[in-house]
Every structure is written in C-alpha cells, then in structure tokens.
Amino acid sequence: MTIDDLKAFGANTEEGLTRCFGNEGLFFKLIATVPSDANFDKLKAAAETGDTGDMFEAAHALKGALGNLSLTPMYDAVSDICESARAGNAPAPEKVKELLDLRDRLNTIVNQ
Amino acid sequence: MNENNSNEAPVDEQVSRHRKRKHDKRGETMDSFLKTSGLRRRVLVVDDEIINRMLIGNMLEAEYDVVYAENGREAVERLENTKTGFSLILLDLMMPEMNGFEVLDYAKHSEALKNIPIIVMTSDKDAEVKSIKLGAVDFITKPFHMPEVILARCERVIELSEDKNIIHSAERDPLTGLYAKDFFFEYIKQVEQYNASRQAMDAVVFTIEHFHLINEVYGREKGNDVLRTVAELLVDLFKDSAAFACHAEDDVFYIYCKHRESYDDIVDVCQQSLEEHSRSPKIFVRAGVYPEVDPEVPVETRFERAKVAYTRIRGDYTQKVAFYSSELYEKAIYHERLIADIEDAIENGDIKVYYQPKYAIRGKTPRLRSAEALVRWFHPELGMISPGDFIPLFESNGLIQKVDNYIWEQAAAQIKAWRETYGVTVPVSVNVSRIDIYDPDIESFLANLLTENDLDPSDLMIEITESAYAENADRLIEVINNLRGRGFLIEMDDFGSGYSSLNMLATIPIDVLKMDMAFIRNMESDDKSLRLVRLVIDIAKFLEVSVVAEGVETKSQLDLLKGMGCDYIQGFYFSGPVPPEKFAAFIEADLKVKQEERGKTHDN
C-alpha cells in the first residue's frame with residue numbers, strides 16, 4: 001500500500017496524515033484495519049433484514065472512523081446511509097453495495 | 001473539515017493563545033512540577049472504534065498517559081477502580097453496552113467521576129446541546145479537527161478544571177461550607193463592581209463568646225457540630241437577605257446582607273440553638289453591626305468597623321448587639337495610636353511616675369508613712385492621657401507589663417534617691433496588674449530591683465487588685481506566697497469595689513487592706529456605706545492586718561475614720577499624686593515633725 005494507491009482510491013491522504021501527526025506508519029496501520037471492521041457485516045445484515053436501527057449504529061460507527069482516515073469515497077457513501085437510517089428509511093441498496101465494493105477495493109490495496 | 005469550527009478563531013491563533021496563557025499562568029507551577037517529577041496526567045479515551053481510539057491516543061500521548069476503554073461500561077469500571085485519578089475523559093457517544101449519554105449521567109452522581117472534565121467526541125452536531133446539558137465541558141467533532149487544536153483544547157479543559165477544583169477547595173471553609181474570608185471579601189467586591197443599583201447593606205460580625213469552652217468541655221467534635229449548626233442557622237436566617245456568609249475565624253462569622261433595623265431576633269435564635277448544645281451560662285452569641293455601609297469604605301474596613309462595634313459589648317452580658325458609630329471608630333483609632341506610641345513614650349520619658357503620700361493617723365499628728373506610685377502619661381501631641389484610658393487598654397493586650405516594669409524601676413530608684421538625700425526610707429507601693437502575675441519572671445524581676453537599689457523587701461510594697469483573684473486565684477496565691485516568702489508586703493487594693501469575697505481574704509495572705517474610695521466618698525451621706533467602712537476596718541483588725549482608706553478629702557472624713565480605728569489615709573486631704581520633686585516637701589515636713597516630737601520628748 002502506498003500513498004499514491006490511496007490517492008488513486010480517492011482518499012484525502014494529506015488530511016488523514018495530518019490527523020496522524022504525520023505518522024505514515026500509523027496511518028497505514030489504521031487503514032489496514034478498515035476492511036475487516038465488523039460494522040460492514042453488521043450493516044450488510046441489517047440492510048438485508050431492513051433493520052434501520054442496527055443499520056444506523058453500524059453506519060454511524062463507520063462514519064466516524066472513515067472520516068477520521070479521510071477515506072472520502074467511503075465516508076461519503078456511509079454518510080448517506082447513516083442519514084437515511086437515522087430518519088428510519090432503508091437506504092438505497094446501491095449505496096450499500098457501493099460502500100461494500102469500496103471496502104473490497106480498499107482490501108485489495110491494503111494487501112498489495 | 002473546518003466547517004464545524006467556523007465560529008472559532010483561526011487554529012494558529014487558538015494554539016498560540018493557549019500556549020501563551022499556559023506559559024504565563026502555570027509555567028512555574030503545576031506543569032513544571034509534573035515535568036521535573038516525571039509524572040504525567042492521565043487521560044481516558046472511550047470509543048468503540050479502534051481507529052478513533054488510536055488516532056486520539058496518537059495525538060495525546062506526547063503529553064499524557066493515555067488509557068483506553070471500548071465502551072461506557074468498561075470506562076466506568078476503570079474510573080471507579082483506579083487509585084490514580086484521571087485528568088480528562090474523551091467520550092464517544094454511540095457505543096454498545098453503555099453509551100456516552102449514560103456515562104455522562106452516571107458521572108454526575110459518582111464521587112470518582114464528578115470532578116473529572118469530560119469532552120464528548122461525535123460526528124453528530126445535534127448531540128452537542130444534550131451533551132453539554134448532561135455535564136460535558138466541551139465537544140470535539142468527528143472527523144477530528146487538526147490534532148494541535150484537539151490537544152490545545154484538552155490542555156485548556158484540564159487547566160480550567162484544575163483551577164476550578166483548586167478554587168472550589170479554597171473558597172469554602174471545609175467545616176461549615178461557608179466562604180473563606182479572602183473569597184468572601186473578593187466576591188462582595190465583584191458583586192458590587194458589576195451591579196450598579198445598590199441597596200443599603202450591613203456588615204455584621206457574629207461572635208460566639210467563650211466558644212472554646214465547648215471544645216474544652218465536650219470535645220472538638222462537638223465544637224465543630226456547634227459551628228456547623230450556627231452556620232446553617234445563619235444561612236437559613238439570611239436566605240432572603242441577598243446575603244454572603246463567611247466563617248472568618250474559629251468563633252466568628254461574617255454576614256453581608258440587606259440592611260435591617262434589628263439583629264436581636266437573629267442573635268436570639270442562634271443563642272437558643274447554642275443552649276440546646278451546651279448548658280454553659282458563659283457562652284453567648286453577640287453581633288457587631290456596621291449598618292448601611294458607606295460604599296466608598298473598603299470591604300475589609302466595613303467588617304473592621306462591625307468588629308469595633310462588637311468590641312464595645314464584649315463581655316457585657318446585658319447587650320447582645322452593638323452598632324458601629326463614627327465616635328466608636330474614633331475611639332478605636334485613638335486606642336491604636338496609644339498602642340503604637342507607648343514604647344516611645346517610655347523611651348522618651350513621657351511616662352512619668354507620680355507619688356501620692358499615705359499618712360499614719362493613729363498618733364496625735366499624722367505622719368508620712370509611705371507613698372503609692374501612680375503613672376502619668378504626657379503625650380507630646382495628645383496631651384495628658386488619663387490612666388483610665390490606657391491602663392484597661394494595655395491590660396487587654398498585655399502591654400501593661402512594659403508600663404509596670406518601668407514604674408517599678410522608677411519607684412525603686414526613687415526610694416534609693418530619697419534615702420540618699422534625706423537619710424530616711426519612704427516605702428513605695430506599686431501596682432501589680434492581673435496581667436503581670438502571669439509573667440513567670442515577675443518575682444525575680446522585683447527581687448533584682450531590690451538588689452540593684454540596695455533596698456529591703458519591705459521598702460517596695462506590692463498592690464494587687466481583687467480582679468486578679470477573680471480571674472486566676474491559684475496563680476495569684478502562688479505569686480503572693482512567693483513574694484511574701486521573699487519579704488515583700490502585699491496590699492489588697494480597691495477592696496470592696498468588685499468581687500470582694502471573704503473567701504478571698506481567707507485564702508490570700510495579705511498585709512494591708514485598702515478600702516475602695518467609693519465607701520469613703522459616701523460614708524457621711526449614706527449610712528450603709530458608713531457601716532460597710534466600719535465592717536472593713538473590723539475585718540482588717542480581725543485578720544490582724546492594717547487598713548488604708550483611699551480618697552479621703554476632708555478633715556471630717558479623717559476624723560470619722562480615725563475614730564473607727566483606721567490606720568492609714570491616702571487622699572487629697574493631704575495631697576494628690578505629685579512628681580517626685582514636689583513629694584520631697586512632704587518628706588522635709590515630716591522630718592520637721594519628727595524633730596519636734598523628739599524635741600518634745602526631750603523637753604519632757
């Protein structure tokens with residue numbers, strides 16, 4: 001995984017690094033934990049059953065973490081899901097799929 | 001990312017402002033102590049997302065020891081079970097098990113948590129109001145802002161919280177919960193500074209007289225109970241009076257309140273409560289009031305004035321509330337002046353010793369027997385100051401010892417001087433104040449005077465007053481016994497003026513009884529006084545001691561006393577107190593009488 005990979009992914013790496021006090025190792029280490037975050041599966045399951053409560057909890061937790069790492073595309077997607085779920089509406093399925101696809105792409109980058 | 005903080009000052013400015021403040025205010029204190037001691041403050045980060053925990057931890061760990069919890073329940077357990085306190089909690093809101101709101105609610109009621117500041121971290125702007133209402137001190141939005149800003153905000157929150165805790169622990173008296181004196185004064189000043197419309201206010205000092213008796217008789221714990229009770233009562237009694245209350249000294253409370261005409265009811269309620277705690281008849285609540293304070297007078301001085309008012313009734317069982325007046329204040333200022341000037345007065349010779357002759361009247365012609373040394377103060381600016389003004393004052397603060405020592409020295413030197421000039425000894429009696437008897441060196445001091453001036457103990461007579469007996473009989477008897485053992489003669493002064501008791505006469509070994517001048521003054525007009533004079537003379541005869549009548553002004557008084565068997569007379573009939581050079585005339589006159597009597601004997 002390189003900074004350029006993350007930039008190509010759409011991450012705001014400068015901002016993310018700043019939040020890590022410029023510690024690149026920490027930045028990479030934290031990004032590496034993202035794909036295995038249990039909240040993705042929780043979100044996926046909730047989307048299948050239509051449980052907006054669980055969906056909101058999972059999306060809200062992911063939103064904080066993704067935002068902090070400035071993984072902008074994922075952050076934008078999860079923010080939309082979060083707001084829908086907060087209002088008690090099931091988010092558009094393509095939004096959930098978009099988020100999960102981004103997770104898979106990030107997983108590939110992380111494992112490169 | 002900056003939109004959430006758009007209403008705040010630019011980051012650089014915030015950070016540098018904070019650093020500057022930190023340097024100015026704390027640079028040399030807590031921070032430098034922590035640095036040199038290697039100790040670090042501890043911060044607890046509570047978030048269920050590891051990424052958030054790690055990010056925050058990375059920001060803070062250069063400054064703090066960072067401890068983590070994954071949810072509210074774990075956080076509470078850590079906080080309740082740790083001995084080392086935390087300086088700050090960073091708290092996520094949405095968490096499993098126990099969420100951030102529940103932690104905030106819990107913290108309000110927990111001894112372990114309630115003084116630790118909590119900063120809430122959330123992406124949810126809407127949660128801000130609820131968090132602050134629940135007691136959060138600050139709010140950090142997710143995604144996190146610049147790390148420097150977060151760090152600076154954490155530092156600022158810790159600083160404010162520590163300052164607040166320090167102030168809180170210092171501003172209140174831990175025993176009563178009332179304000180400590182400095183804060184009490186400061187808050188009054190602040191309130192007055194920011195409130196233009198002023199109503200008439202009173203400065204009131206409440207004192208529990210002889211409070212120490214409660215501590216001594218029932219123990220300190222009980223004494224503390226009493227103080228707490230009085231404090232609660234005062235708070236309750238003044239709750240509608242826009243009042244500040246302060247526990248100023250052990251047994252002294254200050255109240256600053258809306259003006260009221262009377263404080264008798266308040267003193268009565270406190271007194272009743274005290275009597276429920278203690279049956280001692282000596283414990284009294286009294287108040288001194290400076291009513292409708294002059295706003296131009298400094299706050300501290302307002303309470304000084306209330307104290308001055310109280311001082312006037314201290315120990316007077318008939319009055320419980322005294323109001324300050326400017327006259328009273330001037331008297332207090334006058335007393336301060338006397339206290340400040342007395343040492344110089346002794347040094348400069350403004351304090352003079354006068355001598356009043358005492359005559360033996362049993363023989364056909366009155367004969368000079370001895371003299372009493374009396375003090376006079378000629379102040380270069382205030383003029384002649386009455387002993388009635390300064391002796392009670394100096395007795396109340398112990399300065400009387402300095403004055404008395406000086407008089408004794410002068411008197412001893414005078415006896416020697418007269419003896420050298422005239423070849424006769426005129427014994428002089430000096431007053432020993434009830435304060436002097438507490439001086440452990442008093443006996444050796446007096447004995448040294450005899451040696452220095454080559455005198456006999458019987459040349460320097462000691463006058464003591466009844467009040468010394470009333471105050472500390474055991475010590476007085478001890479001193480008298482020791483002085484008599486050295487050969488001094490003891491005169492009981494002002495007998496009959498105060499707490500005369502026959503028991504005192506039985507226990508104190510005295511040589512001379514001096515009858516109070518009030519009896520003599522009234523004995524010709526008032527039969528009761530006359531009979532009392534006779535009684536005192538009889539008592540003296542019974543005890544086989546001689547008796548001196550003071551205040552004799554007329555020939556008829558002298559004849560009456562002589563007829564009743566009185567031995568000696570002192571008073572204006574012969575002479576008032578005079579300076580030593582004038583006293584010499586009495587010695588010379590007496591020497592002539594002596595020669596004449598001798599001549600008559602020869603003639604016979």
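Chain naming here is simple, since letters A, B, ... match the order of the sequence lines and numbering starts at 1 in each. Keep in mind that what you see is a predicted model, and the values were worked out from it rather than measured.
- Environment of NZ in Lys130(B): sparse, with no more than 12 heavy atoms of neighbouring residues, nucleotides or ligands closer than 6.0 Å.
- Comparing Ala65(A), Ser79(A), Cys82(A) by how many heavy-atom pairs each has under 4.5 Å with chain B, the most go to Ala65(A).
- No hydrogens or angles considered: a donor-acceptor pair under 3.5 Å links the side chains of Glu49(B) and Asn39(A).
- With a 6.0 Å radius and a threshold of 12 heavy atoms from other residues, nucleotides or ligands, Lys181(B) has its NZ atom above the threshold.
- Here the side chain of Arg19(A) pairs no donor or acceptor atom with the backbone of Leu55(B) at under 3.5 angstrom.
- Of the atoms belonging to Leu30(A), heavy atoms from both backbone and side chain fall under 4.5 Å from chain B.
- Here the CG-CG distance, from Asp47(B) to Asn68(A), works out to 8.5 Å after rounding to the nearest 0.5 Å.
- Atoms CD and CE, from Glu57(A) and Met95(B) in turn, are 12.0 Å apart once rounded to the nearest 0.5 Å.
- In this structure, the separation between OG1 on Thr33(A) and CD1 on Ile50(B) is 6.5 Å, given to the nearest 0.5 Å.
- The environment of Lys29(A) atom NZ is sparse: at most 12 non-hydrogen atoms of other residues, nucleotides or ligands sit within 6.0 angstrom.
- A donor-acceptor contact shorter than 3.5 Å links the side chain of Asn58(B) to the backbone of Cys20(A).
- Highest contact tally toward chain B, considering only Asp37(A), Ile31(A), Val34(A), is held by Asp37(A) [criterion: heavy-atom pairs under 4.5 Å].
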